[in-house]
Each structure stands twice: as C-alpha cells, then as structure tokens.
There are 2 protein chains.
Amino acid sequence: MLERGLASTRVADIAKATNVSGGLIHYHFATKDDLITEMLRSTSDSEIQRLKEIVAGPGTAVQLLDRVLRFYIPASRSDQSWILWVDAWAVGVREEHVRTILLELEDAWIEILSQVISAGVASGEFTCDDPLGSAERIDGMLDGLVVRYTLHTGNLSRSRMLHHARVAAAREVGLRLSDFPDEPAEAP
Amino acid sequence: MLERGLASTRVADIAKATNVSGGLIHYHFATKDDLITEMLRSTSDSEIQRLKEIVAGPGTAVQLLDRVLRFYIPASRSDQSWILWVDAWAVGVREEHVRTILLELEDAWIEILSQVISAGVASGEFTCDDPLGSAERIDGMLDGLVVRYTLHTGNLSRSRMLHHARVAAAREVGLRLSDFPDEPAEAP
DNA sequence: TCATTGACTGATTGACCAATCAGTAGTATG
DNA sequence: CATACTACTGATTGGTCAATCAGTCAATGA
C-alpha cells in the first residue's frame, strides 16, 4: 500500500505480498474498500494507543511535550507511514467512512497535545491561556511540515523540522527553545 | 476534477463537462496524465501570479502579511480549490512531475512570506531573526489547518483559522494580535 | 467413519475506461 | 477549384482488475 498508493494497489498485489490467493482476500473482506477502511482504522487505533502511552509515562511537561513532538515527526526517510495518511486525506475528501477515521485521529492528537499543555500550565511549567488553540496550531503546523518532508525529500531535514516544532511549541507555552531536552536541534 | 478527484475523473467526464467528444481531449492531450499535469501547472502558475500581485501592492508590512494569510485561507466552504492540492499531494508522492509542480508552488509561498517578513523587519515594523524559518512554520501551519478545514466541514471555522494564522504570525514577527487589521477574528 | 465447516485456491467473468482510428466538416492557400 | 490542414466526432478496441465461483484440503466432532 505504501509502495503503490491506496488507489492503485490491486487486490492481486496484496495477495502477492501476503502469499495468499486473491480469492482469500475477498473471503475475508467483502470489497477492496472494506479492506482499506479496516486497515486505516487499525493503523489509526494503534497510533492513538501509542500516543496515549507516551503521555501516560513519567516525565515533566516539557519532556512529555517533546516526546509527543518527536513521535509526530517521521523517524527517518524510510519511515513512510505518513504516505498512508496523505493518501487517506485525498480519499477522505470523497468518502465519509475514511473521513471519520481521519477526524478521530486528528482529534486524538489535538486532545492529547491540549492535555499535555494544560498539565504543564497546572504545574506552573507552562504559560498558555488557550491550550486547545495552541494544540490546534501545533498539530496543524506539524501536519503541513510533514507533507513537505514526505513529498520533497531533501528539501527539509528531520532535524530542521524538529527545530520548527520546538520553536513553535516553545512560543505557544511560554518557554525558550533552550528549555527543551538536550538533543541538538539543527541551527536555522 | 474537484467533484470526482484527480484519479477517478474519467476522460469521458471531462468531455461531458466541456461539451466536446472524448476524442478531442486526446487530440489536444496525448494522455490523461498530460492533461492533469498541464492543469496543475496552469493552476499553480496563476496562483503564484496572484500572490505576487498581492505583495507588490501598496500597504504596510502588517497589511501585506494579513492579505497573504487571507489569500491562503479558502474564501468559503464552497471554495474547493484546496481539494485539488490535497489530491495532488497524494499523486505527487509517486509521480515526480507532479511533485515538481507542488515543490515550486510551496517554495513560492515560502519565499514570498519570507520576503514580506524581511521587508517588515527592514522597515522596523517586525522583529524576527529568522524570516525564512518563520515563513516555513507559517506555511506549514496553514497547509495543515487547510487540510482540516477542507476535510472536516464544520470542525474548524474559517474565522477560527484566520485567528490561528494571525496568532502564529504575530508571534513570529513580534507583534500582538491587535496589531492586525480590524476584521474581527473569532474568539478562541 | 462419515458429515460438516472453515480456510483457501486459481480460473473466469464482466464492467470499466484510456486510447485509437476512420471519417466529417470547415477554412485557408495557391 | 483543388489541395491540404486543423478541429472535431463517436464507435471500437484492448487491457486491466474487482469480484465471483466451483472446487480442494484439513480439521473437528458426532
């Protein structure tokens, strides 16, 4: 699916990749659309779960925020998971069941970002009078940057993306860039 | 194309919509891919030109910045031009000639945003030590928010999007939200 | 031991659609 | 007037692919 794209992956391709017959695919999934929907749902669910585990873990608010930002950003060039979501956006424009999954995923991200910020405000680490708004802006920025990163290999490095994420997040919660954990962020 | 999507629009659909025969489409465009590419190129070019006209116009740096932000954001629900680009992103992942067009368009946006910010710094209106970085962040955020706006009707209002854009831009160039022109931005 | 069921195969079918092609009509050129 | 050229039509073709279907095989259980 990552190789060929949601639309132009044939049922026969999936059959080949999984070493089963085309018939078996249709034995388990009534239509190709069903298969795609279930795949997206399952991917989204495990992403949300991983995310929840991160924020449930130990650490200060800055550490948690940084971990969330890092989880957002693709681990490397070879981490192609985002290709799936860019594909899904295009499908989601027309198909409501896909759109629903996307909405849930995005809402989860925003809600969790918002929670992390609120917790930091409560503990006195952060200053922010609109955690939800900040979460929406950070989420939006990361979505946009990831598209750029995914599409235009070499035009935006991972470390520069992380730098951007930290600069923006720092501004949103009233920190300085240097307040973030030590991993070096490439200079602008 | 906006109705059915880049991938599932048939040549016959275009023929019907333009009141010509299918044959004529192939008389002018060797393949469907050619047609799509030329369409994207042409749309991108006129978008870039409009953008250049805006920044070449009169006004203070804040006014120009605000005009650029407003041009970015879809005019209304019925302004579906962004659907095209979300579609194109998905295609661009696999097809280089589409990717090239997308890269050019995005670079143009970033360059112009960066120029407007630099001009504002030069005139003393703005404070910003990394105009290019700021432009990348603002561009990214708008891309991401627009996807959300385009996909999830009703989940994010246009005025809230404009609010987000202004808050983020204000922070990037050292202004307060109230420094932007008067059109009311919805409360958070 | 025989019937039933669930997992699975691979060939087939039928719909769909980009691209082709033979042919028509109108216009310009010498 | 004849030739040539451009714009155009609509029927046809050939390839692609989701979905179906008849049938195999192994495990379960009465």
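Residue numbers start from 1 in every chain, and the chains themselves are labelled A, B, ... in the order their sequence lines are given, proteins ahead of strands.
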### Atom-pair distance (CD1 on I25(A); P on dG10(C)), nearest Å
13 Å
### Message
In this structure, how many angstroms lie between the C1' atom of dT12(D) and the NE2 atom of H26(B), rounded?
### Response
14 Å
### Query
Quick one: which of dA18(D), dT9(C), dA18(C) gets closest to the side chain of R10(A)?
dA18(D)
#### Entry: Integer-rounded Å distance: dT16(D) C1' and K16(A) NZ
16 Å
### Query
Between dC8(D), dT9(C), dA18(C), which nucleotide has the shortest distance from any of its atoms to the side chain of L24(A)?
dT9(C)
### Message
Output the rounded distance in Å from CG (L35(A)) to P (dC17(D)).
### Response
16 Å
#### Entry: Distance-only donor-acceptor check, side chains W109(A) and E136(A), under 3.5 Å
no
### Query
Would one find a side-chain N or O of Y27(B) under 4.0 angstrom from OP1 or OP2 of dC8(D)?
no
### Query
Starting at NZ of K32(B) and ending at C1' of dC16(C), how long is that distance when rounded to a whole Å?
12 Å
### Message
So that I can tick it off, tell me whether R166(A) and D179(A) are bridged by a salt bridge, with the cut-off set at under 4.0 angstrom between side-chain N and carboxylate O.
### Response
no
#### Entry: Aromatic ring pairing W89(A)/W89(B), orientation class (parallel under 30°, perpendicular over 60°, tilted between)
tilted
### Task
Calculate the interatomic distance between D33(B) atom CG and dC17(C) atom P; express it in whole Å.
16 Å
### Summary
Among dC8(C), dC8(D), dT9(C), the one nearest any side-chain atom of H28(A) is dC8(C)
### Summary
Heavy-atom nearest pair, I110(B) first then A135(B), reads O-CB, 3.5 Å
